[in-house]
Amino acid sequence: MNQRTKKEVEQLVAQEDIEFIRLQFTDIFGIMKNVAITSSQLDKAFQNKVMFDGSAVEGFVGVEQSEMFLYPDFQTLNIFPWRPKQGKVARVICDVHTIDGSPFEGDPRYILKRAVKKAEDMGYSFDVGPECEFFLFHTDDNGLPTTFTHEQAGYFDMGPVDFGENARRDIVLTLEEMGFEIEASHHEAAPGQHEIDFRYGEALTAADNIMTFKLAVKTIAKRHGLHATFMPKPKCGVSGSGMHTNMSLSKNGKNIFADEKDERGLSQEAYYFIGGLLEHMKGITALANPLVNSYKRLVPGFESPVYIAWSDTNRSSLVRIPSVRGEGTRIELRSPDPSCNPYLLLAACLTAGLDGIQNKKKPPKSLGRNLNGMTEAERKKIGIERLPASLGEAIEELEKDELMKEVMGGQIAKRYIERKKAEWAEYCLQVHTWEVDQYLSRY
C-alpha cells in the first residue's frame with residue numbers, strides 16, 4: 001500500500017478539522033507511548049523532526065544516547081471516534097529512528113519489519129489473525145479498577161445474562177468506524193470475559209491493529225464505567241485471557257500451507273513451519289507470555305495449552321490446525337496472551353517458522369489425544385515436553401535460544417532479559433495473601 005502524500009494528509013487534516021495528532025510508538029514491553037502535536041506542527045512531523053527522550057522509555061537506551069526521532073507512517077493516520085467532533089484527535093503510528101537517521105534496532109515495529117523483510121526475500125508474505133480476549137470489570141468509587149463483576153454469563157451467552165453486551169457492541173462499532181473489519185464478537189467462558197475477532201491481515205498491519213484494539217477497548221469500556229483488562233489471569237478459578245494467533249504464509253498470492261494431496265491437507269512447508277515453531281517454543285514463551293501472571297493461565301484444566309505438541313483436531317495442543325483447508329489453511333498458536341508485545345511475538349513466530357522451512361525441521365507426530373488426560377509417564381514415554389511453568393523458567397529458555405535473541409537484536413534482548421529477571425526476582429520476594437491465609441495462624 002502506497003504511503004499517503006504530504007498533500008493528501010494536509011487535505012485530510014483540514015477537511016476533518018483535525019487539531020491534535022498523537023504520534024504513537026510501542027516500547028519493548030508492549031506499552032503504547034505517544035507524543036502529541038497540533039496540526040500546525042504537521043510539517044515538522046513530515047520532516048521526521050519530532051524528537052523524544054529515549055532514555056525515559058524503559059528498555060530503550062541510556063541517557064548518553066537518548067535523542068530519538070519519530071518517523072510517522074501516515075498510512076496509519078486514523079481519527080479517534082471517541083474524541084470531540086470539533087478539533088478532532090487523530091493518531092499516526094511511528095517508527096523510531098536514531099539521531100543519524102537510521103532505524104532504532106530496539107523499536108519493536110522495526111524488529112517485526114526486519115523479520116517480514118526476511119520472509120519477503122524468500123518470496124513469502126506473512127498473514128496473521130489474532131483472537132483477543134479481555135475482561136470487563138467494575139471500577140470503585142474513585143474510578144480505579146477492581147476484579148468484580150455482577151454477571152454470571154458463560155460461552156456465547158447473550159443479554160440480559162451478558163451484562164457487558166452493550167459495551168462490547170459499542171467497542172465493535174467504534175473499531176469499525178476506525179476501519180477494522182470485525183468478523184465476530186461474543187461472551188467468553190468466564191463471567192465478565194469477552195472476545196472480539198478482527199480480519200486476518202498482513203503481519204505489520206495486524207500488530208498495529210492489536211495495539212489500536214487494546215486502546216479502543218479500554219477507552220470505550222471506561223465510557224461505560226467499566227475497566228477493560230488484558231491481564232492474562234485476573235481471577236483464580238476461571239479461564240484466563242488468551243490471544244490465539246492464526247498464521248499463514250503466501251507466495252505469489254497463494255497459501256503455501258495448503259496441499260490437497262496430503263492426508264491432512266497440509267504442505268511440506270506447513271509441516272516444517274510447525275517443526276520450527278515447536279523447536280523454538282520454549283524461547284518464544286518469554287515473549288508470548290511476558291508476565292508473572294501469564295503462567296497462572298498456562299495450567300491444565302482451562303483449555304490453555306501446557307504441553308509442546310500439535311494436532312489438527314485437539315484443542316489441548318499448543319499448535320492446532322483449524323478445519324478450514326485450501327486458501328484458508330492456517331496454523332493456530334494457542335499459548336500467547338494479550339499482554340504480549342505483538343510486534344515481538346509475530347517476529348519470533350515468523351523467524352522460528354522460516355527456520356523450520358529453511359532447515360526442513362519435521363515436527364513430531366500429531367497427537368489427537370487430550371494431553372491433560374495423559375499421565376506424566378505417558379507423556380514422557382512419547383517425548384512430550386512442557387512449556388515453561390514460570391516467567392523465571394521462560395527467561396532462562398530465551399537466554400538459551402540464540403535465534404530468538406538474534407530476532408530481537410543483542411542489546412534489546414539483553415535489556416528485555418534483565419528487566420524480566422528483575423520482575424521475576426521481585427515477585428519471588430513478595431509475601432502473598434495466600435501464604436498469609438495458609439500459614440499465619442498455623443505456624
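The shown structure was predicted, so the numbers you read here are calculated from the model rather than taken from an experiment.
Counting heavy-atom neighbours within 6.0 Å of D141 CG, excluding the residue itself, gives a total of 12 or less. Residue R199 places its CZ atom among 12 or fewer non-hydrogen atoms of other residues, nucleotides or ligands, all under 6.0 Å distant. Within 6.0 Å of NZ in K421 there are 12 or fewer heavy atoms belonging to other residues, nucleotides or ligands. Atom CG of D121 sits in a crowded spot, with more than 12 heavy atoms from other residues, nucleotides or ligands closer than 6.0 Å. Applying the 6.0 Å contact sphere to CD of Q86 captures no more than 12 heavy atoms from other residues, nucleotides or ligands. Annotation for K118: atom NZ counts as buried by contact number, over 12 foreign heavy atoms lying within 6.0 Å. Other residues, nucleotides and ligands place more than 12 heavy atoms under 6.0 Å from the NZ atom of K85.
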Pair K117, E120 - check salt bridge (charged side-chain N to carboxylate O under 4.0 Å, His left out), show working. CA-CA 5 Å; K117 177 64 165 59; E120 289 173 348; 5.9 Å; no
Between D355 and K361, is a salt bridge (charged side-chain N to carboxylate O under 4.0 Å, His left out) present by the stated rule, with each step listed? CA-CA 8 Å; D355 182 55; K361 294 180 178 178; 2.4 Å; yes
Using salt bridge (charged side-chain N to carboxylate O under 4.0 Å, His left out), reason through K6 and E10 one step at a time and then give a plain yes or no. CA-CA 6 Å; K6 184 173 184 288; E10 289 173 339; 2.5 Å; yes
Chi angles and distances behind the salt bridge (charged side-chain N to carboxylate O under 4.0 Å, His left out) call for K233, D337: CA-CA 10 Å; K233 187 84 166 185; D337 68 56; over 6 Å; no
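Between the side chain of D140 and the main chain of L144, a donor-acceptor pair closer than 3.5 Å is present. No donor-acceptor distance shorter than 3.5 angstrom exists from the side chain of N289 to the backbone of A286, with no hydrogens or angles considered. For R91 (side chain) and L23 (main-chain N/O), no donor-acceptor pair under 3.5 Å exists by modelled atom type. With K405 contributing its side chain and G410 its backbone, the two residues share no donor-acceptor pair below 3.5 Å. For R325 (side chain) and P322 (main-chain N/O), a donor-acceptor pair under 3.5 Å exists by modelled atom type. Without hydrogens or angle criteria, T98 side chain to S102 main chain gives a donor-acceptor distance under 3.5 Å. Within the 3.5 Å criterion, the main-chain N or O of A389 finds a donor-acceptor partner in the side chain of E393. Using a distance-only test at 3.5 Å, with no hydrogens or angles considered, a donor-acceptor pair links the side chain of S267 to the main chain of I256. In this structure, T245 contributes its side chain and M243 its backbone to a donor-acceptor pair below 3.5 Å. A donor-acceptor pair under 3.5 Å is formed between the side chain of Q193 and the backbone N or O of G240.
For an aromatic pair to be called close, the ring centres must be under 6.0 Å apart, and Y343 with Y110 fails this. In summary, the aromatic rings of F74 and F46 are positioned with their centroids under 6.0 Å apart. The aromatic ring centres of F213 and F180 sit 6.0 Å or more apart. Proximity of the aromatic rings of F29 and Y416 is defined here by a centroid distance below 6.0 angstrom, and this criterion is met.
Nearest heavy atom pair, residue G30 against residue N341, reads N-ND2, 3.4 Å. For the pair A153 and D162, the tightest heavy-atom approach, listed with the atom from each and the gap, is CB-CA, 4.0 Å. Annotation for L249 and F257: closest pair N-CE1, 3.7 Å, computed over non-hydrogen atoms.
Applying the side-chain contact (heavy atoms from CB on, under 4.5 Å) test between F60 and each of K33, M68, R415 identifies M68 as the sole match.
Ring planes of H150 and H138: tilted class, angle from 30 to 60°. Taking the six-membered ring where tryptophan is involved, the planes of Y71 and H97 are essentially parallel, since the angle between them stays under 30° and well short of 60°.
R419 and E58 are joined by a salt bridge, as a carboxylate oxygen and a charged side-chain nitrogen come within less than 4.0 angstrom of each other. At a threshold of 4.0 Å, the pair R109-D95 counts as salt-bridged, since one of the basic side-chain nitrogens sits closer than that to a carboxylate oxygen.
Residues Q268 and D259 have side chains that never bring a donor and an acceptor to within less than 3.5 angstrom of each other.
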